[in-house]
Amino acid sequence: MADTTHSSLEEELAQLQEIATFDPPQEFAAKARVTTHEQPADPVAFWAEQARELEWIREPTRALDDSNPPFFTWFADGTLNASANCLDRHVAAGRGDRVAFHWHGEEGESREITYAWLLEQTQRAANALKALGVRKGDVVGIYLPMIPEVVVAMLACARIGAPHNVVFGGFSAESVRERMEFSEAKLLITADGARRKGKAAAVKATVDEVMPDLPCLVVRHVDNGAPMASKDAWWEEALQQAEAECPPEELDAEHPLFILYTSGSTAKPKGILHTTGGFLTQVGWTHKNVFDLRPDEDVYWCSADVGWVTGHSYIVYGPLLNGCTSVMYEGAPDYPHKGIWWELCARYGVTIFYTAPTAIRACIKWGADLVAEHDLSKLRLLGSVGEPINPKAWLWYWKVVGGGRCPIVDTWWQTETGAIMITTLPGAQHAKPGSAGTPLPGIDAAVLDDAGSEVEHGTQGLLALRKPWPSMLRTLYKEQERFVETYFSKWDDRTYLVGDASRRDADDGYFWVIGRIDDVINVSGHRMSTAEIESAIVSHPKVAEAAVIGQADEDTGQAIAAFVTLEGDLEGTGDLETEIREHVAQRIGKLARPKRMIWADDLPKTRSGKIMRRLLRDIAEGRALGDVTTLRDPTVMAQLEDKIKEAQAET
Ligand code: WTA
């Protein structure tokens, strides 16, 4: 295609930069599900109306109960079952043969997963869990690669009212152990191994090393002769032996659906607890309306991993609630080749594609030609999530992937919010590259100052949510006080502190989400706690102290930089750096390995001993140093600056 040659593409993108707002393309708007964006006068009534989309066993008689803030409940006297809403009702309506997932394996295998198959497998898996002693209310861990069984496992838990606790496959067994212990999981559903870029890594064996006693239900995926003990069972056999029918458990709307651990300001991950009725209501509504879904026609693909909240809400629950057909890909975006995503989009006729800015930036590096080789003419809507999308990446996505005809929805939300909160309704609102947009109907977001007053448009402040929403987290699992303290103590017990800095535009009130205000960093759209990484580094026997910061990075948004002080008079060497990085991979996962390590004789600390990360960020990014007078030893900064200059001179 002529227009993707480098010079002309660059010229075109440069011209596009002049455009501040992109109206919904006419053809798109003409057929869009929603064509006006309005805030309902009564948000609670609005959500009550949306809840009617679900199939309730007992209809709720009231929506929000806010009598005990910040512990809000939604639809509390209603009963339902999430798996029945995702599966049974579609099968009952004659859509059993519809493909729920076109699953594509790393080595090119494909499986067509229908709603009927999912229902059959889910019922068997639910019975298998019961046979293994899992009861309503028991937590079940899930640590699986991107295979259809992960969906079955989640829905089987939901069917019997056992909250699932999914751990992203990229986390180490040690991280899984921690999350299983915190949540007192009864059982772990895992696999013998996982495939990654042509290699197979043992999973069950590594799980055994750190959790020798936890019973496991094991999916045979790579057939590597995984060790099995009498406490363990093979998934396939257990499902075969199980009864085929398992009626869905009637559960209260506020019954816990899942726990998902995410990073916070301290080393201990936070167990975000989501319940059933409110979560499904908002996830179902947003999936349908933000993505302008036409379930009978669309082929939807969210490229996230199920191990993150994006996977929970927009690979599993949202798409299945709405009975749509999705693509699920097991592999990495560059395996077996860097054009695989676009090959799959063409092959399955993907119409809606949802990914993260970091992936788009990687694709920009790999070149527009890899996209142009494939027929993406069926695409009609693009989505972005996980971190701010820089305008350059936005424009490239719009032009190269979307061919200039697909609206982009930049969706802002969090593990805690459960569902999309700020974005643009694609047939109703203009998009602005880099700005997420406005709060969705029923959502009250604002930018506040420390005292809780709204700042003027154009001024940076703290992003806050001022009214409860159905899919909000209900608490931090087993840490009620931390829940109140983290989210509802900044202003009052009804105003949720997001943890992001934001500003709004004067003309249209659009929100720009700037980044985190706490010690959480965002690497490739993955949320990481600096404290958790520091604690992993410090647990290495040769390390005395460490401070971790997020450093701006062209590819990954932020990158992890670690300042490390060694024990005694040990010298920092390349080998030791490798050793420490490996140690972090073992403790947390490869994604937490520092990109840069800087050996420091000492770290900048206040007189009370608090590490001043702000100063470390300043020197790492080459900025003029801020105020150093509060430091216990101001000379530390000069030494560190010299080190950084030396390191930069070497590269
Ligand atoms: C960031 C992911 C800007 C933000 C769904 C938030 C974003 C954190 C966007 C949540 C976006 C997510 N624009 N920033 N569209 N989406 N973020 O819990 O800092 O993994 O607080 O949920 O990611 O990350 P989490």
Side-chain angles (χ1 to χ4, degrees), residues 166-168 170-171 258-265 269-274 279 282-283 286-287 290 302-318 354-361 382-391 393-394 397 408-424 431-440 443 445 447 460 462-465 471-473 476 486-487 496-504 510-530 532 550 556-558 591:
V166 180
V167 183
F168 169 53
F171 278 124
F258 66 85
I259 303 163
L260 184 58
Y261 281 87
T262 187
S263 303
S265 303
K270 301 184 283 196
I272 307 293
L273 182 84
H274 282 289
F279 175 81
Q282 196 175 333
V283 162
T286 49
H287 183 255
V290 173
C302 166
S303 76
D305 189 283
V306 276
W308 306 105
V309 74
T310 307
H312 282 58
S313 302
Y314 298 110
I315 292 178
V316 180
Y317 289 107
Y354 189 30
T355 195
T358 189
I360 300 163
R361 289 192 296 267
L382 302 172
S384 171
V385 60
E387 53 178 318
I389 178 166
N390 45 311
W394 194 104
Y397 197 26
I408 296 180
V409 288
D410 177 0
T411 62
W412 176 88
W413 58 296
Q414 306 180 293
T415 308
E416 289 87 340
T417 69
I420 298 168
M421 305 290 282
I422 299 178
T423 187
T424 44
K432 279 190 192 181
S435 156
T438 65
L440 282 170
I443 302 301
V447 182
Q460 185 170 321
L462 304 169
L463 187 57
L465 299 164
S471 65
M472 69 192 297
L473 80 166
L476 293 179
T486 309
Y487 304 107
Y496 171 91
L497 174 71
V498 164
D500 285 346
S502 178
R503 93 184 121 67
R504 302 180 66 174
Y510 270 39
F511 285 71
W512 294 72
V513 177
I514 294 150
R516 301 284 310 183
I517 51 161
D518 49 12
D519 291 322
V520 170
I521 55 180
N522 191 328
V523 182
S524 298
H526 299 154
R527 237 170 106 165
M528 320 266 267
S529 147
T530 52
E532 193 179 356
T556 56
Q558 285 188 299
L591 70 173

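Order of appearance sets the numbers: ligands from 1, and atoms from 1 within every ligand.
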Open item on the list: Working note: Tyr314 + Thr286, criterion side-chain hydrogen bond (donor to acceptor under 3.5 Å, both in side chains); need CA distance, chi angles, decisive distance, verdict.
Closed with: CA-CA 9 Å; Tyr314 298 110; Thr286 49; 2.6 Å; yes
Pocket residues around ligand 1 (non-hydrogen, under 4.0 Å) come out as Val309, Thr310, Val385, Gly386, Glu387, Pro388, Asp410, Thr411, Trp412, Trp413, Gln414, Thr415, Asp500, Val513, Arg516, Asn522, Arg527
Sorted by chain and residue number, the ring pair (Phe, Tyr, Trp, His ring centres under 6.0 Å) partners of Trp308 (sequence neighbours excluded) come out as Phe168, Phe171, His526
Taking every heavy atom of Gln282 against every heavy atom of Ile420, the minimum-distance pair comes out as NE2-O, 3.8 Å
Contacts of Phe279 meeting ring pair (Phe, Tyr, Trp, His ring centres under 6.0 Å) (sequence neighbours excluded), chain-then-number -> Phe258, His274, Tyr317
Using modelled atom types only, decide if a donor and an acceptor are shared between the side chain of Thr423 and the backbone of Asp410 within a distance under 3.5 Å.
yes
Those residues at least two apart in sequence (or on a different chain) that pass ring pair (Phe, Tyr, Trp, His ring centres under 6.0 Å) with Tyr397 are none
